[in-house]
Amino acid sequence: MSDEKDVAPATEEKAPEKTEEKPAEKVEEKVEEKVEEKVEEKVEEKVEEKVEEKVEEKPAEKAETKPEQKGENEAEKVDHAQEKLANPVKAIAYLGNDTNYIEHIKNRLQEHYPSDTFHVKSFYNEKNPHDFSAYIRRFIEADPFLIFADFSTNLDAHIKVVKILRKENTIKDIPMVGLADDMKLFYQCNEAGVDFVHIKCGEIGSVVYHPCMVVYKENVVKPDYALALFERETPLFEILRIVYMTPTTLRVEGNIKLSKGENIELETGFEEPVLFSNKFVVRNVSRIDVVYNYAYAYDIDYIYAEKPKKDDLEETCDSPEELEIMLELEMDVYKTKLENSKKNLTEFITSRINDFRPPNVRILLIDKNISIFDDPKNHFDMTPYKINFQSKLGPGATEVGQFRPDIIAFQLVVHVVPDIDDETIPEDEQLSLEEREELLEKIKSEEAEQMSWVKAMIAKIDSIKNYEPPILLFNCKKLNSTKLQETYSYDHIQSMPDKFSMELINLMAQKVEQMHLKVEEEQDKVRYEELKKKEPEKYKDMPMSEVLGPKVFLKDTSRLRVAKIAHQVTLTSMTEAEITCKSERPLMRQAYKTNFPIDMSVTIFPREDEVADDKNMQSYRGFIHSIGEIERQEVRQFVYDVFFADLNEKRRVEKEEQEQKIKDLEKERDQTKEEEDGDRTP
């Protein structure tokens, strides 16, 4: 598919007075100087706070979670969702090139919802599949009703596209289905942010039903599946991401709310004798410094091996003397396991040293016209850093509080309004006085909206302690940096008269990255001093590199990157496409793993029609995916076994009764025959 050209060129209104503008080179130097100055400041701040104490929020930061503000946010989402639902013409955005498969999905949608008209908008660059920036604009402007991302082709590029789209305000709440040809791709696709990962095969019932359940809700066309009603306690595993590991600590990210000092149990890829325990202690929790698409980052310490408990041995011992002997023997085993585990873990990690590091600089890009990436020099693959692109900001600039960007780049939309007597414009294109006034009013309103976003961002930044990211206003023609700083009382906002430049952003990001590395170094020093203080004799003459050991970052393809934490839930029903369950611990809208009745994924959605029961158990719906045709047959068989259990039992009893009747008749017949034979004997 060819790339789309600019819809409309950026335009500029003639300013009555030209303010003094700083050359772009000087602005760039000034911005870089500010970043360099902040490196040492940030390091000192982190050391003073012992690094463990993460950035705290001022009271104003909590404003984003106020009920009334949240209500406004939700109301805006609902209004937009209802507007899209009422529109009979619905776009299906498809990222991929399997036209037959997506047409099959479209036809099924048309069959189920005949009052709507569905049309497919495909996005795929045949000439250069890895160049996806060119169609980001068209993807957002398509205003899709449903999104299907095909990961069976061009995997790496499509993962990047989904990560970008999942954050964009106009796209992030639209149901997104990942399509894969291998169940092993589940974790990569899930981390990208899709709601469901379906294996491409002949059965597309769930592929259509699951996203439609989100958009059509009570009006969804439900498949005629058998429903099994039962109650069963089973673990539901929440998926966490291990960012890196050292011989003493795991850096993990996830959405579950854990507490500092909490003891947890994780299912990981570590096996004995590397680790003799799957239990860990949470040393620190942070809502910032999050690399992947999760809410929290945790520093988790290994327990290595579990210390024997006297109470556990009492049941197997007949006397106090025997108990003491057993306890001593178990302690010897424990000490051996502990030392071996530490040694083996260090060797295990050292053997996996690589040069991989995830992007640790976050960049927020804002452009209402979505024109930033029209220039090939500004494509997403031109930067190794983490991008959050927005065509508009949410109320209160919540993106700043959640994403905590290191750099904010905002490209202003600028217009040119020609003079009414401009003779260079063809007569049939000239504006009347009334039309010109209307256009000027519209431009004025748009400019006010953009500057309100700037004001909201700075208000959010001011509410966060020790947080002052640079804001670059590209295409800023009317105000220089000094005027902007005075107007908004923020010293780190810069006027950039030219259009957005990824080259400049990359230069700044490199400086910020060096700052992060220095802060990380100071974090390691603090950790080193803590360990030396805790065990002075052991670490007395050991250098920091030996005490902390190597740090290994895990790639997206590493099996070790996945950790799971279990939630105990009660399953209450199941079809071949969905489950219902109850849980005391809150569950989020995300994918979980379960091994009952088979190994499968379940995306949970809170049920709006129910409240917690008398045992404080909340009801949820879950939608089964990431299984192939064979696995679906196994789920279907389980459902049938439960669904027909009563009927099968009734038939079994009837069969036994019938067999017994036959036996009784045969016995009666044999007895009668014996009696008759006896009568005939002379």
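Values below: all heavy atoms of this structure, side chains included; hydrogens, waters and symmetry mates excluded.
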Side chain to side chain, [X] and [Y], heavy atoms closer than 4.5 Å:
X	Y	answer
Glu253	Glu191	no
Arg138	Phe123	yes
Gln523	Glu520	yes

**Report entry** Test salt bridge (Lys or Arg N to Asp or Glu O under 4.0 Å) applied to Arg527 and Asp301, step by step
**Finding:** CA-CA 12 Å; Arg527 179 71 173 150; Asp301 291 342; 3.4 Å; yes
Query raised in the report: Is there a donor in the side chain of Gln590 and an acceptor in the side chain of Glu238, or the other way round, less than 3.5 Å apart?
Result: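 Yes.
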Query raised in the report: Phe151 and side-chain contact (heavy atoms from CB on, under 4.5 Å): which partner among Asp182, Val197, Val162, Asp181?
Result: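 Among the candidates, only Val162 passes.
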Report task. Go through the steps to decide whether Asp299 and Arg251 satisfy the test salt bridge (Lys or Arg N to Asp or Glu O under 4.0 Å), and finish with yes or no. Result -> CA-CA 5 Å; Asp299 293 313; Arg251 178 70 166 190; 3.0 Å; yes
Query raised in the report: ring-ring contact (aromatic ring centres under 6.0 Å, His included) between Phe276 and Tyr304: does it pass, once the steps are laid out?
Result: CA-CA 6 Å; Phe276 291 94; Tyr304 300 103; over 10 Å; no
Query raised in the report: Are Tyr244 and Phe553 an aromatic pair by the rule of ring centers under 6.0 Å?
Result: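 Yes, the ring of Tyr244 comes within the 6.0 Å limit of the ring of Phe553, centre to centre.
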Query - Test of ring centre spacing under 6.0 Å for Tyr94 and Phe139 - result: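 Here the rings of Phe139 and Tyr94 have centres that are no less than 6.0 Å from each other.
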Query raised in the report: Would you call the rings of Phe186 and His625 parallel, tilted or perpendicular if under 30° counts as parallel and over 60° as perpendicular?
Result: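 Phe186 vs His625 ring planes: tilted.
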Query raised in the report: Taking the six-membered ring for Trp, are Phe410 and Trp453 parallel (under 30°), tilted (30 to 60°) or perpendicular (over 60°)?
Result: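 Rings of Phe410 and Trp453: parallel, under 30°.
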Report task. Of all the heavy-atom pairs spanning Ala397 and Lys460, show the shortest one and how long it is. Result ->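 Smallest interatomic distance, heavy atoms only, reads O-CG, 3.8 Å.
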Query raised in the report: So, Tyr620 side chain and Leu587 main chain: donor-acceptor pair closer than 3.5 Å or not?
Result: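 Yes.
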Query raised in the report: Taking NZ, NE, NH1 and NH2 as the nitrogens, is one of them in Asp195 or Arg166 under 4.0 Å from a carboxylate oxygen of the other?
Result: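 A salt bridge links Asp195 with Arg166.
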Query raised in the report: When you look at CG of Asp224, are more than 12 heavy atoms from neighbouring residues, nucleotides or ligands closer to it than 6.0 Å?
Result: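 No, not enclosed.
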